[in-house]
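Structure first, commentary second.
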Amino acid sequence: MDAAVTTSPAVLILLGPPGAGKGTQARMLEDKFGLVQLSTGDLLREAVAAGTEAGKAAKAVMEAGDLVSDEIVIAILRDRMAKPDCQKGVILDGFPRTTVQAKALDGLLATSDQKISAAISLEVQDAEMVARISGRYTCAMCGEGYHDTFKVPAVEGKCDNCGGTEFKRRADDNAETVASRLTAYHAQTAPLIDYYQAQGVLQGIDAMGQIDAIANDLQGLVRGVMS
Ligand code: AMP
């Protein structure tokens with residue numbers, strides 16, 4: 001694992017449309033740099049599965065591919081960031097997705113004298129996203145990500161990472177919902193590229209190639225940010 005040489009915990013943001021590879025790359029960064037991946041999508045799916053009030057409110061919105069309210073998402077993120085493991089530094093995957101969320105994050109970090117280390121935009125083309133999303137699935141045991149075409153387990157039906165034999169697909173990974181999710185991205189999240197550019201923390205990365213090549217570029221960039 002690379003040593004993190006920073007005075008306050010790193011705060012990395014991964015920006016990009018659904019299917020850009022934020023989750024896959026965040027997990028790899030977690031392993032490599034000892035950071036904690038915070039995915040608001042995962043936190044919301046947990047809330048839905050647990051049947052909490054937030055989960056009940058979010059369920060139909062997520063199934064339609066729309067954005068869950070800022071109020072719910074900010075509350076979930078704030079609670080998660082208060083946990084001690086976040087002192088190791090965090091990778092935000094799927095948050096912020098609106099300008100309101102970005103401003104709430106700035107406020108939250110200011111209260112603990114932290115700031116954004118980098119907002120990294122994973123640059124991809126929409127046409128590729130539908131193919132990527134519609135083939136993806138994860139190990140039900142450990143969450144390792146796979147894809148029908150781009151990344152299959154070495155032994156069919158067996159997770160490379162933990163040996164698990166059960167896999168699952170997300171309810172919102174279907175063609176209609178993906179179209180809504182891309183629309184939501186362009187309307188509400190893409191403006192954050194300018195927002196972070198103005199803060200001087202934006203970095204871009206070409207995320208159209210192979211997972212390992214993108215990981216290599218991204219990890220080089222993160223190493224530079226954290227040194
Ligand atoms: P993801 O796993 O990041 O693709 O998120 C799945 C779904 O959860 C999204 O399509 C939204 O409905 C919801 N969601 C996740 N993160 C956010 C967020 N920061 N703001 C609003 N909705 C979110």
Side-chain angles (χ1 to χ4, degrees), residues 11-30 36-81 90-109 116 119-122 124 126 128-140 143-147 168-193 195-196 207:
V11 179
L12 299 170
I13 296 171
L14 291 187
L15 286 172
K22 300 186 296 294
T24 304
Q25 295 296 339
R27 285 168 66 92
M28 293 166 99
L29 288 175
E30 212 179 17
V36 175
Q37 173 194 11
L38 299 188
S39 155
T40 42
D42 285 349
L43 294 170
L44 287 165
R45 280 183 286 278
E46 280 165 23
V48 170
T52 64
E53 285 308 309
K56 284 183 202 150
K59 188 169 188 284
V61 180
M62 292 172 76
E63 281 169 0
D66 295 329
L67 292 188
V68 174
S69 76
D70 288 328
E71 195 188 356
I72 289 179
V73 178
I74 290 165
I76 281 188
L77 195 271
R78 186 181 294 124
D79 287 353
R80 181 65 187 87
M81 282 196 68
V90 296
I91 310 154
L92 296 174
D93 155 15
F95 184 96
R97 262 177 156 100
T98 65
T99 308
V100 171
Q101 293 176 20
K103 289 184 176 160
L105 176 64
D106 289 343
L108 186 63
L109 294 176
I116 292 160
I120 304 168
S121 170
L122 302 186
V124 290
D126 278 9
E128 168 98 3
M129 294 308 97
V130 180
R132 279 199 196 178
I133 292 181
S134 32
R136 71 186 183 180
Y137 61 98
T138 54
C139 171
E144 181 75 9
Y146 293 97
H147 191 281
K168 57 183 184 182
R169 287 177 197 262
R170 279 172 46 173
D172 60 348
D173 278 353
N174 59 73
E176 304 90 81
T177 311
V178 170
S180 306
R181 288 160 66 197
L182 282 171
T183 302
Y185 172 78
H186 288 296
Q188 291 166 275
T189 310
L192 295 182
I193 292 175
Y195 182 89
Y196 288 118

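Indexing begins at 1, ligand by ligand and atom by atom, following the structure's order. Count residues from 1 along the sequence.
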| query | Does the pair Glu53/Lys56 count as a salt bridge with the N-to-O cut at 4.0 Å? | reply | yes
- Is Asp42 salt-bridged to Arg80, cutoff N-O under 4.0 Å? no
Checking heavy-atom distances from atom 1 (P) of ligand 1 to each of Arg97, Gln188, Met62, the winner is Arg97
Is it true that a side-chain atom of Gln101 and a backbone atom of Arg97 form a donor plus acceptor pair closer than 3.5 Å? yes
Do any N or O atoms from the side chain of Arg132 and from the backbone of Ala20 form a donor-acceptor pair under 3.5 angstrom? yes
Output for pair (Glu144 CD, Thr24 OG1), nearest 0.5 Å, gives 8.5 Å
Distance col, row Ile120:CD1 vs Leu15:CG, nearest 0.5 angstrom, shows 9.0 Å
Which atoms of ligand 1 sit under 4.0 Å from any heavy atom of [X]?
{"X": "Arg170", "value": "1 (P), 2 (O), 4 (O), 5 (O), 6 (C)"}
{"X": "Asp66", "value": "11 (C), 12 (O)"}
{"X": "Leu44", "value": "8 (O), 13 (C), 14 (N), 15 (C), 23 (C)"}
{"X": "Arg45", "value": "2 (O), 6 (C)"}
{"X": "Gln101", "value": "18 (C), 19 (N), 20 (N), 21 (C)"}

Using a 3.5 Å cut-off on N or O atoms only, is Gly94 in polar contact with ligand 1? yes
Contact partition for [X] relative to ligand 1, non-hydrogen atoms under 4.0 Å:
{"X": "Lys22", "answer": "neither"}
{"X": "Leu77", "answer": "neither"}
{"X": "Val68", "answer": "both"}
{"X": "Arg181", "answer": "side chain"}
{"X": "Leu67", "answer": "both"}

**Prompt:** Does the pair Leu77 and Leu38 meet the rule for a side-chain contact (heavy atoms from CB on, under 4.5 Å), with working shown?
**Reply:** CA-CA 8 Å; Leu77 195 271; Leu38 299 188; 4.2 Å; yes
Heavy-atom side-chain proximity of Leu92 to Thr40 below 4.5 angstrom: no
